[in-house]
Structures are given as structure tokens and as C-alpha cells.
Trainee: 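Sharing a structure here in C-alpha cells format.
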Amino acid sequence: MKVARVGFDVPLDTLFDYRCDGAGATPADIGARVLAPFGKRNAVGVILALADSSEVATARLKPVTRILRDAPGFAPDDIALLRFAADYYHHPLGAVAMSALPAGLRQVRQQPARSRTHFVLTAAGEAADVESLPKRALTLRRLLVLFQTQKALNLEEIRASVPTASTSNTVLKQLVTKGYVVSCEGSLTRAPVAIEYAPPEVTGPPLTPDQAAAVAALCADLSAFRPHLLLGVTGSGKTEVYLRVIDAVLKTGRQALLLVPEISLTPQLEATVRGRFPHTRVVSLHSGLNDGERLKHWLAAQSGSARIVLGTRLAVFAPLPDLGLIIVDEEHDASFKQSEGFRYSARDLAVVRARQRGVPVVLGSATPALETWHNAATGRYALTQLPKRINLTTPRIHCVPTRDVRLQDGLAPSLIAAIGKRLAAKEQVLIFINRRGYAPVLLCHDCGWLSNCHRCSAKLVLHLRDRQLHCHHCGHQTLAPKACPDCGNADLSPVGQGTQRVEAALAAHFPQARVLRIDRDSTRNKGAWSGMRTRIEAREVDILVGTQILAKGHDFPSLSLVGVINADSLLYSTDFRVPERLYALLTQVAGRAGRGAVQGDVLIQTDFPDHPLYAALRDQNFARFADSQLKERRSAGFPPFQYQALLRAEAPKLDAAIEWLKRAAALGQTIDNAVTIYDPVPAGMMRLAGRERAQLLVQCASRARLQRFVAAWRVALVEKRPSAARWAIDVDPMEL
């Protein structure tokens with residue numbers, strides 16, 4: 001009897017045993033998808049192990065309904081990565097495996113019977129002489145030659161080689177009647193085929209000495225695992241270095257995986273990569289694709305036909321049989337950490353995957369994460385630097401004091417004057433404010449009423465164009481009241497600035513300027529951002545107003561001035577990572593200025609122009625800033641000198657969440673007293689979507705010891721009686 005151990009997309013930390021006598025015929029059955037009875041329904045799962053016996057009584061073992069062979073399953077290397085991720089982040093293996101599959105493979109596709117049929121060449125067909133067929137039967141002769149070359153074809157391939165569907169049916173019948181081919185049930189899957197390397201038609205611009213040295217260092221040994229930190233200032237040509245290293249990897253017959261933090265960066269980078277490698281198949285994997293596109297691209301990566309894969313966070317699990325290189329661009333970006341459900345870091349898993357596969361991994365950034373910088377400084381990662389912009393001068397960064405200045409719609413007079421000067425010179429301007437909407441809150445000056453969200457510890461943001469209040473955390477929307485709900489005062493005032501308000505203010509100050517707002521609201525529709533980028537590059541826009549979408553990865557040569565509004569808001573946070581994040585964000589925004597012939601200027605409005613962070617930013621010396629931050633973290637006992645995990649809990653009332661965490665802390669103290677367990681506290685966003693949240697931090701100087709503690713702690717918490725609190729463990733949390 002053969003027993004399949006199947007993982008399902010359920011929050012249970014176990015695999016489920018099924019009788020599966022048809023499994024085990026090939027090693028590929030481990031990793032294959034199956035349809036199996038689960039509860040009152042049939043569900044799709046993944047075979048993650050095979051055994052000859054089970055602890056479940058034979059009489060109670062249910063058989064799998066069928067093995068789904070319409071697409072290949074996970075390879076052993078893929079399963080090794082999934083197991084590591086499940087163990088390290090303490091998430092059920094079945095749920096991890098299913099989340100790595102595209103949606104089209106997490107369900108049984110209802111296909112017409114004929115679409116699950118393919119045709120195979122027989123021995124008689126292989127021996128048949130094409131010249132024996134009638135000379136005028138051109139389609140019949142062509143199809144037989146195609147079968148003799150390919151050995152097997154599906155209906156799509158057959159119809160692509162003949163004029164019409166009716167002709168394909170007629171010709172197929174003739175070949176079947178002659179005994180040259182036979183029909184077979186099931187979709188046709190092909191083994192990966194060797195892909196010949198096609199050298200790029202364009203070699204790219206000449207490399208600077210720094211770029212040439214970086215390429216040489218990264219290509220020194222492409223056959224072994226080595227993590228590299230590529231520290232390059234904005235405009236230093238990191239992308240060109242990536243392309244040269246990818247080219248070197250493609251020459252060895254292997255695939256390259258390039259990860260980016262944001263979907264908005266993918267189309268532009270994809271166009272650049274396609275332009276460099278026009279004869280190499282390039283696919284993208286991100287949430288902006290529909291299910292059909294994502295499945296098609298995923299299968300192309302798995303078959304090996306796609307040699308370059310670009311993607312966001314989840315693409316770190318993309319199946320790549322010939323993987324030879326992983327690049328993580330903007331590796332410091334918090335978007336690489338999944339914040340809900342399966343809480344994993346794609347950057348860290350990229351390093352793990354590279355180690356498992358014995359290939360190099362490149363982490364690129366102008367402002368690397370302090371953990372990455374520490375690894376480079378201590379020799380764990382190789383450090384390669386691009387310290388200069390290519391043919392460009394470094395932008396000048398200035399702080400604009402605002403404490404005793406009367407602002408005009410949130411804009412300082414000196415910033416308004418600078419904008420006017422750049423517009424007169426026919427140059428483009430970017431105004432950055434990391435808050436969308438019109439105003440962050442609506443206020444009644446008579447009674448002090450504020451537009452609070454009734455479901456979250458957050459304010460409802462006024463979106464003026466649709467006269468609605470939006471919660472940017474839970475998604476709640478409601479019409480803006482015409483009068484104060486508490487006192488009836490009809491004079492309600494929007495307080496603060498969002499992108500919509502800044503857009504309106506700039507349009508009023510500069511009526512002849514073409515102002516374009518770029519945020520999540522304006523780029524919601526598919527293709528919207530691509531169209532906006534085309535307008536910017538064509539100089540059809542004078543002033544850009546935007547959020548983080550514009551902060552990184554974009555090259556607009558005519559943009560010479562960047563103004564930053566409301567940067568101080570992050571300084572009030574209690575999270576120890578805030579200085580690192582703010583420095584990285586402002587460096588990225590500043591990097592958009594002066595990428596053409598004119599030197600750029602960056603004006604940061606602030607109440608604290610002498611703050612050490614702004615002083616470090618003006619110096620533009622990341623190493624000095626990072627080393628000072630690491631000294632503070634070492635003395636405070638924060639990562640990377642300690643390792644952390646966060647137990648998050650939520651309940652209808654905060655008291656219930658806090659009480660459950662107190663019991664969890666007491667339980668943890670019985671497991672290992674060398675692990676520091678802090679008191680439970682309310683979460684930064686205490687109330688979200690109607691539930692109240694709290695958290696409990698644990699940390700230890702040993703990663704291995706913390707892992708053993710969390711594993712035992714989690715088992716003990718699962719065994720506790722059910723509680724009103726829902727909980728989850730977040731290893732290496734990015735937000736406290």
C-alpha cells in the first residue's frame with residue numbers, strides 16, 4: 001500500500017494521509033497535486049511525502065480522488081525551500097505549499113474533454129515515409145513531419161500548424177486511420193528542453209570603471225553560492241550591472257530570477273530587460289496579472305522555456321529548474337516582507353534559496369537594510385560599491401524650516417519659488433507626500449469632532465472628488481457629512497494635506513502648469529500607471545504629485561527639483577526602525593532629481609532642520625549613517641544583535657487579547673528562561689476592522705535558540721483551550 005502525505009491550504013500544522021496506490025511510480029509524484037476528499041468536499045492538495053504505511057488505521061484511510069497530472073508539480077528543490085520557509089516562519093507546510101501555486105493550479109480547472117486530449121506518434125508513424133503520401137496532401141505531409149519531429153502534440157499545437165480547425169480534424173482522422181498517431185487522455189506535459197543562448201543584439205552603454213569592477217566581482221564565480229551586497233547610489237547604474245551579470249548567467253545555460261519590491265517597477269524594468277534580450281523569453285510574476293497570465297508565466301518558468309523571471313515578493317517561490325542567479329533589487333524595501341497570513345521575507349528566502357541551489361545572490365540598494373549592511377561589514381556578504389552617479393552630479397539636499405513660516409496650502413514660500421523657477425526653465429518638478437486623499441482628517445472647530453473610523457484606530461481620510469471619507473486601513477467608506485454629527489455645525493474643515501489637496505494647491509499656484517497626481521487611487525486601473533509614465537517621458541507633465549510609487553526605480557531626465565512635504569510625521573513613531581526607513585525613503589525620493597543634464601535640488605520641509613537624520617541625509621554618506629545606527633542598536637539590544645519574534649493577538653476587546661498574551665507569556669517562561677519575553681502591549685494600530693489587537697515581543701541573542709523556543713511555544717499554544725483571541729507568530733518582524 002502506498003500512502004501519500006498531502007498538504008492542504010488550511011491553518012493546521014499537519015499533513016494528511018491518503019491511500020494512493022497510483023503514486024510512487026516516478027519520483028515526480030512527490031510534489032504533484034491531487035484531488036482528495038477533505039471534510040465534506042473534494043480539495044486540491046500537494047503530495048509532500050510518500051510512505052509505505054500510516055499511523056492511521058488502514059480502514060480509515062481514504063483514497064485520493066485522482067492525481068492531477070495536467071501540470072508538473074513541485075520539484076525536490078522547490079519542496080526543500082517550502083519546508084524551510086514553513087519551519088523558519090512557523091506556518092503550516094500545506095498552506096505554504098498551496099500559497100506558492102498560482103490560483104489556476106489551486107483548483108481543478110473544468111476543461112472540455114477534447115482539451116485534455118493529446119496525440120502521440122506510433123512506431124508505424126515514425127517509420128512512415130512522407131513521400132508515400134499524396135503530393136497534393138500538403139497539410140497531411142506537414143503534420144506527419146511535425147509529429148515525427150515532436151513525437152507528441154496537443155490540439156493547440158496541431159491547430160497552429162494547419163489552416164483551419166476543420167482541416168485539422170480531417171487530417172487528424174487520416175493519421176489515426178493510418179495508425180500513424182493515437183489519441184491519449186490527459187494534457188500533454190513536456191520535459192524541460194535545452195534552450196540555446198541567444199546573445200543580446202544590444203550590448204548596452206560602455207561601463208564605467210566602477211561598473212566594470214562590480215560586474216567582474218559578481219561574475220567571479222557563478223557556480224557557487226555567494227551573497228553580494230551591491231551598494232550603489234541612485235543613478236550609479238545598478239540596472240546595467242544586473243543586465244551584464246544576467247547575460248553571463250544565460251551564457252552558462254541557466255535561468256535568472258530578478259525580484260523587485262513594487263508592481264509599479266515591474267513593467268518599466270521588464271521593458272528594459274526585453275529590450276536587452278529580445279530573443280530570450282522573459283516572464284513576470286506579480287499580483288497585477290490575471291489568473292490566466294500568472295499560470296502561463298509560472299508554467300513557462302517551471303518548464304525552463306522562460307530564462308528570465310521578474311517578479312515581486314511571491315516570485316521567490318517560482319519553480320526554476322535551471323536557476324543560476326537571484327537578484328533582489330531595492331533589497332531594503334519593506335514590501336519584501338509579507339505582513340499577513342504567511343509572514344515571510346522574500347529577501348531572506350532568496351538568500352536561503354541561493355544557498356540551497358549553490359548559486360550567487362545579489363542584493364542591490366542605495367540604502368541597504370541595516371541587517372544586510374552588518375552582514376557585509378562583518379564579511380558574511382561580499383561588498384561591491386558604485387559610489388558615483390554616471391555622468392551626473394549628486395543632487396543638492398536642503399532642509400526648508402517650517403516651524404515659524406506661514407505655509408500656503410502646506411507649501412513653504414521658498415518651495416513655491418523654487419517650483420516657479422524650474423517651471424520657467426521648462427524642467428519637471430516632483431512634489432512628494434506619502435499620504436493620498438485630500439486631507440487626513442475632517443474637523444469640527446466648535447466641538448472638536450474628528451472623522452474617526454469606527455472600525456479602526458485611525459482617522460477617515462477626506463477624498464474630495466467623490467465627497468467621501470475613506471479608511472486606508474480597513475477600506476471603510478462613507479459620504480462626508482454636511483454638518484458635524486455631534487453639534488450640527490455646518491463648517492467642517494479639512495486638516496492637513498494629502499496628494500489631492502497638494503494637487504489642487506499647485507494647480508491654483510501655477511495655472512499654466514500641467515499637474516499629474518500619481519498615487520494608489522489614480523493608478524488603480526490596469527495600465528493607468530504605464531500611460532502616466534509615457535506622458536511624463538514625453539514631457540506632457542510639468543509637476544508630478546505622488547506617493548511612494550514615484551520614490552524609486554524611475555528615471556525621468558527632465559526632473560530637476562524634488563520637494564518633500566510632511567517628512568517629519570515618521571519621526572514621532574516609537575518603532576526603532578523608523579530612522580532607517582525615513583533615511584531610505586528620502587534618499588530614494590532625492591535620487592529622482594537631476595538625472596539629466598541639470599543638477600538636481602531636493603527641498604525637504606521640516607520643523608527640525610538640525611535633526612541628526614537630516615544632517616546625515618545632507619552628507620549623503622550612508623556608511624556613516626548606518627554605522628551610527630548600528631551602534632545605537634547594539635547598545636539597545638535590537639536587531640541585528642538580537643533576534644526577534646512577535647506574537648500577535650486580536651479579539652473583539654483589547655482586554656481579551658492582552659489577557660491571552662499574558663497567559664502565553666507565562667507559558668513561554670516555562671520553556672526557556674534565556675529568551676527575553678516582554679510584557680504584552682497594544683499594537684501600534686490598536687483597532688483594525690472591528691477587532692482590537694495586542695502583541696508580545698520575544699527576543700534572544702541566538703537565532704537557533706529562539707527558533708527552538710518558538711517551535712515549542714507554538715506547539716504549547718496550539719494545545720491550549722480555544723480562546724476568543726486569534727493569534728499568529730511573526731518571525732523577524734518588520735513593524736512593532
Trainee: In terms of side-chain geometry, is the basic nitrogen of R633 or E580 positioned less than 4.0 Å from the acidic oxygen of its partner?
Mentor: yes
Trainee: Please round to the nearest 0.5 Å and tell me the distance separating atom CG of L243 and atom CG of L269.
Mentor: 7.5 Å
Trainee: How close do W373 and L231 get, heavy atom to heavy atom, and via which atoms?
Mentor: CZ3-CD2, 3.6 Å
Trainee: What's the shortest heavy-atom distance between R357 and D77, and which atoms?
Mentor: NE-OD2, 3.3 Å
Trainee: So, is the end of the R294 side chain (NZ or CZ) under 6.0 Å from the ring centre of W298 and within 45° of the ring's axis?
Mentor: no
Trainee: Does a salt bridge link R83 with D87, judged by any charged N lying under 4.0 Å from a carboxylate O?
Mentor: no
Trainee: Side-chain donor-acceptor pair under 3.5 Å between S522 and D519, yes or no?
Mentor: yes
Trainee: Could you tell me how the ring of F641 sits relative to the ring of H374: parallel (under 30°), tilted (30 to 60°) or perpendicular (over 60°)?
Mentor: perpendicular
Trainee: Evaluate the ring planes of F625 and F622, with Trp represented by its six-membered ring, and classify them as parallel (under 30°), tilted (30 to 60°) or perpendicular (over 60°).
Mentor: tilted
Trainee: Report yes or no: do Y643 and D732 form a side-chain donor-acceptor pair below 3.5 Å?
Mentor: no
Trainee: Between L285 and L314, is there a side-chain heavy-atom distance shorter than 4.5 Å?
Mentor: no
Trainee: Between E262 and H286, do the side chains contain a donor N or O and an acceptor N or O under 3.5 Å apart?
Mentor: no
Trainee: Could you state the interatomic distance from CG (D9) to CE (M98), rounded to the nearest 0.5 Å?
Mentor: 6.0 Å
Trainee: If you look at every heavy atom in A567 and L586, which pair is closest and at what distance?
Mentor: CB-CD2, 4.4 Å
Trainee: S573 and D575: side-chain donor and acceptor closer than 3.5 Å?
Mentor: no
Trainee: Is the closest side-chain donor-acceptor distance between E330 and Q588 under 3.5 Å?
Mentor: yes
Trainee: Answer yes or no: are there more than 12 heavy-atom neighbours, outside R539 itself, under 6.0 Å from its atom CZ?
Mentor: yes
Trainee: After noting the C-alpha distance and the side-chain angles of R254 and L325, does the key distance pass the side-chain contact (heavy atoms from CB on, under 4.5 Å) rule?
Mentor: CA-CA 8 Å; R254 308 184 80 179; L325 171 71; over 6 Å; no
Trainee: Could D730 and K337 be called an ion pair, given the rule that one side-chain N must be under 4.0 Å from one carboxylate O?
Mentor: yes
Trainee: Do T499 and F432 come close enough that some side-chain heavy atom pair is under 4.5 Å?
Mentor: no
Trainee: Assess whether a salt bridge exists between R624 and D627, defined as any Lys/Arg side-chain N lying under 4.0 Å from an Asp/Glu carboxylate O.
Mentor: no
Trainee: First locate atom CZ of R313, then atom CZ of F336, and finally report the distance between them rounded to the nearest 0.5 Å.
Mentor: 9.5 Å
Trainee: Any non-hydrogen side-chain atom of Y583 less than 4.5 Å from a side-chain atom of L585?
Mentor: no
Trainee: Quick one: do the S305 and R281 side chains pair a donor with an acceptor below 3.5 Å?
Mentor: yes
Trainee: Less than 4.5 Å apart, any side-chain heavy atom of L310 and any of V282?
Mentor: yes
Trainee: Is there any side-chain hydrogen bond (donor to acceptor under 3.5 Å, both in side chains) pair reaching into residues 222-239, and which pairs are they, with sequence neighbours excluded?
Mentor: D221-S223
Trainee: Do L646 and I729 make a side-chain contact, defined as non-hydrogen atoms from C-beta onward lying under 4.5 Å apart?
Mentor: no
Trainee: Evaluate V44 against L68 for side-chain contact (heavy atoms from CB on, under 4.5 Å), listing each step before the verdict.
Mentor: CA-CA 9 Å; V44 174; L68 302 173; 4.2 Å; yes
Trainee: Is there a side-chain contact between H90 and V731, using heavy atoms and a 4.5 Å cut-off?
Mentor: yes
Trainee: Shortest non-hydrogen contact from L81 to V316?
Mentor: CD2-O, 3.8 Å
Trainee: Quick one, L544 with V429, criterion side-chain contact (heavy atoms from CB on, under 4.5 Å). Give me CA distance, side-chain angles, the key distance, then yes/no.
Mentor: CA-CA 6 Å; L544 290 71; V429 175; over 6 Å; no
Trainee: Taking 4.0 angstrom as the limit, do R353 and D78 come out as a salt bridge?
Mentor: yes
Trainee: Starting from the C-alpha separation in whole Å, work towards a yes-or-no answer on salt bridge (Lys or Arg N to Asp or Glu O under 4.0 Å) for R276 and D247.
Mentor: CA-CA 9 Å; R276 180 63 63 85; D247 183 44; over 6 Å; no
Trainee: Is E371 paired with R577 through a side-chain N to carboxylate O contact shorter than 4.0 Å?
Mentor: yes
Trainee: Do the rings of F638 and F576 sit parallel, tilted or perpendicular, given the 30° and 60° boundaries?
Mentor: parallel
Trainee: Inspect the contact between R595 and D555 and indicate whether a charged nitrogen and a carboxylate oxygen are less than 4.0 angstrom apart.
Mentor: yes
Trainee: Does the side chain of T372 come within less than 4.5 Å of E331's, by heavy atoms?
Mentor: yes
Trainee: Could you list the residues that satisfy side chain to side chain donor-acceptor pair (under 3.5 Å) with Q644, not counting sequence neighbours?
Mentor: Q699
Trainee: Would a 4.5 Å heavy-atom cut-off, applied to side chains only, mark Y242 and L230 as touching?
Mentor: yes
Trainee: Do Y344 and F317 have ring centroids that are under 6.0 Å from one another?
Mentor: yes
